[in-house]
Amino acid sequence: MPLRARQRCHAALTGLAVLTLSLCLAAPATADAPAPRARVADTWTEVGSDRADPLTESQGLASVEVPAGSPNRYTGIGTIPLGLSTRGWNHVGDPDASYDGHYVEPYQRDDGNTKMFRVQAPDGSWSEYVHTLSAGEALNNSWSAVSPDGQWMLAGEWGTMNRLLVFPTPGVNPATSPSANLPQAATVRLDRAVRDVQGCDFLDATTLLCSSDDPEGALFGLTKPLLRIDLSAAPNGTADVTGHVTALRQLPLRSGCSGDFEAEGVDYDRRTGTLRVIVVSPGFCVLTDSKTYRFTRG
């Protein structure tokens, strides 16, 4: 999320203890708008939901395959280690994991010219990989998505963007080291602009599913869309690829409170074919009915 929106979210969460009945609870928000006709035959149907804790499950999520039996991972304000926050890394985005069990969390800070990816190896050890911003690159570090072959990682900036960034996957790609700058290797150039993407995950080697927190709806005719991005080729770090963007549907916007919802991270678990997306509720209901929604294809 952007620094402005993130600060709003922080203020809402840290001020929960002093919220009173003066905060108006309105009638349930308007039912979800009908999804536009997709340009590809790809339908994701809601099959259930789980409450998302506002402190520890409000930013992102990832399924981890290795070691076997690993629980799903979540990020939120409450999951940032004290040692990181005291060094300025005060926001964590939507994480991902390689199929061999390397878990990657994206971090940002309010100033400077770097962003950071924190990696946990399958043996449980942690390491940090810092990236110095390229010319024109935004400071925000909203999400990470590891390619199916494990060697390349996509990451995204906040705002209205026509690109995604490609990096060697820290801790997996042999070209990376915690002691060296993590370089941008290539770019995914999108055929349509996207706004406020909060998370992406690979469906397969050339297909991404992404959650957008777009509050305006002008780009695709609806707010808070689930996006599909079809790549011209699997990212390999040696050349840019193009991405064809399609809006598949609006994410669920249901709450006992009215106001601004926030679409957050996304995860696709290939073992079950389940897509999960976090949607944070407005106002006081951030405490009570924020959800991780589950979808299946078809």
Side-chain angles (χ1 to χ4, degrees), residues 60-68 70 73 75 84 89 92-108 113-157 161 163-190 197 199-210 229-243 265-271:
L61 69 171
S63 51
V64 180
E65 298 187 17
V66 178
S70 297
R73 305 289 291 267
T75 56
L84 291 186
W89 301 111
V92 60
D94 183 42
D96 198 19
S98 63
Y99 293 161
D100 71 352
H102 285 80
Y103 169 72
V104 184
E105 292 181 340
Y107 281 84
Q108 70 186 54
N113 65 341
T114 58
K115 55 186 65 171
M116 188 264 284
F117 297 90
R118 183 173 180 250
V119 181
Q120 186 176 37
D123 65 6
S125 61
W126 288 93
S127 52
E128 299 175 10
Y129 295 77
V130 175
H131 164 68
T132 300
L133 303 185
S134 304
E137 181 180 348
L139 186 64
N140 308 95
N141 197 16
S142 299
W143 53 271
S144 61
V146 180
S147 62
D149 66 6
Q151 294 301 303
W152 305 99
M153 177 185 71
L154 272 56
E157 304 155 283
M161 293 288 168
R163 67 176 186 177
L164 308 175
L165 308 178
V166 182
F167 299 90
T169 304
V172 181
N173 190 304
T176 65
S177 169
S179 62
N181 177 59
L182 181 69
Q184 180 183 340
T187 302
V188 175
R189 303 198 178 278
L190 305 176
V197 171
C200 289
D201 209 351
F202 278 90
L203 177 65
D204 56 45
T206 58
T207 310
L208 293 165
L209 294 172
C210 303
I229 301 177
D230 293 285
L231 306 179
S232 58
N236 62 17
T238 62
D240 294 351
V241 299
T242 59
V266 60
D267 173 70
Y268 176 70
D269 190 337
R270 63 173 181 164
R271 298 167 296 181

## Note on the structure
Minimal heavy-atom distance between P122 and P67, with the atoms involved, is O-CG, 3.9 Å
### Message
Ignoring hydrogens, what is the shortest heavy-atom contact between T187 and R163? Give both atom names and the distance.
### Response
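Result for this residue pair: CG2-CB, 3.7 Å.
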### Residues which pass salt bridge (Lys or Arg N to Asp or Glu O under 4.0 Å) with D269, listed by chain and number, not counting sequence neighbours
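Only R271 meet the salt bridge (Lys or Arg N to Asp or Glu O under 4.0 Å) criterion with D269.
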Side chain of [X], backbone of [Y]: donor and acceptor closer than 3.5 Å?
{"X": "T75", "Y": "G93", "result": "yes"}
{"X": "D94", "Y": "L61", "result": "yes"}
{"X": "K115", "Y": "L133", "result": "no"}
{"X": "T132", "Y": "T114", "result": "no"}
{"X": "N173", "Y": "Q151", "result": "yes"}
{"X": "S232", "Y": "V241", "result": "no"}

Could you tell me whether the side chains of [X] and [Y] share a donor-acceptor contact shorter than 3.5 Å?
{"X": "T207", "Y": "D204", "result": "yes"}
{"X": "S98", "Y": "D100", "result": "yes"}
{"X": "D267", "Y": "S63", "result": "yes"}

### Query
Taking C-beta and beyond as the side chain, do V146 and H102 meet within less than 4.5 Å on heavy atoms?
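Contact flag for V146/H102 side chains = no.
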### Query
Quick one: does NZ or CZ of R270 land under 6.0 Å from the six-membered ring centre of F202, within 45 degrees of the ring axis?
no
### Task
Provide the full list of ring pair (Phe, Tyr, Trp, His ring centres under 6.0 Å) pairs with a residue in residues 134-155, sequence neighbours left out, each pair given once.
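Pairs touching residues 134-155 that pass the test: none.
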### Query
Residues in side chain to side chain donor-acceptor pair (under 3.5 Å) with S70, at least two apart?
none
### Salt-bridge present (E128, R118; N to O < 4.0 Å)
no
### Task
Determine the interplanar angle of the H131 and F167 rings, folded into 0 to 90°, and report it as parallel if under 30°, tilted if 30 to 60°, perpendicular if over 60°.
perpendicular
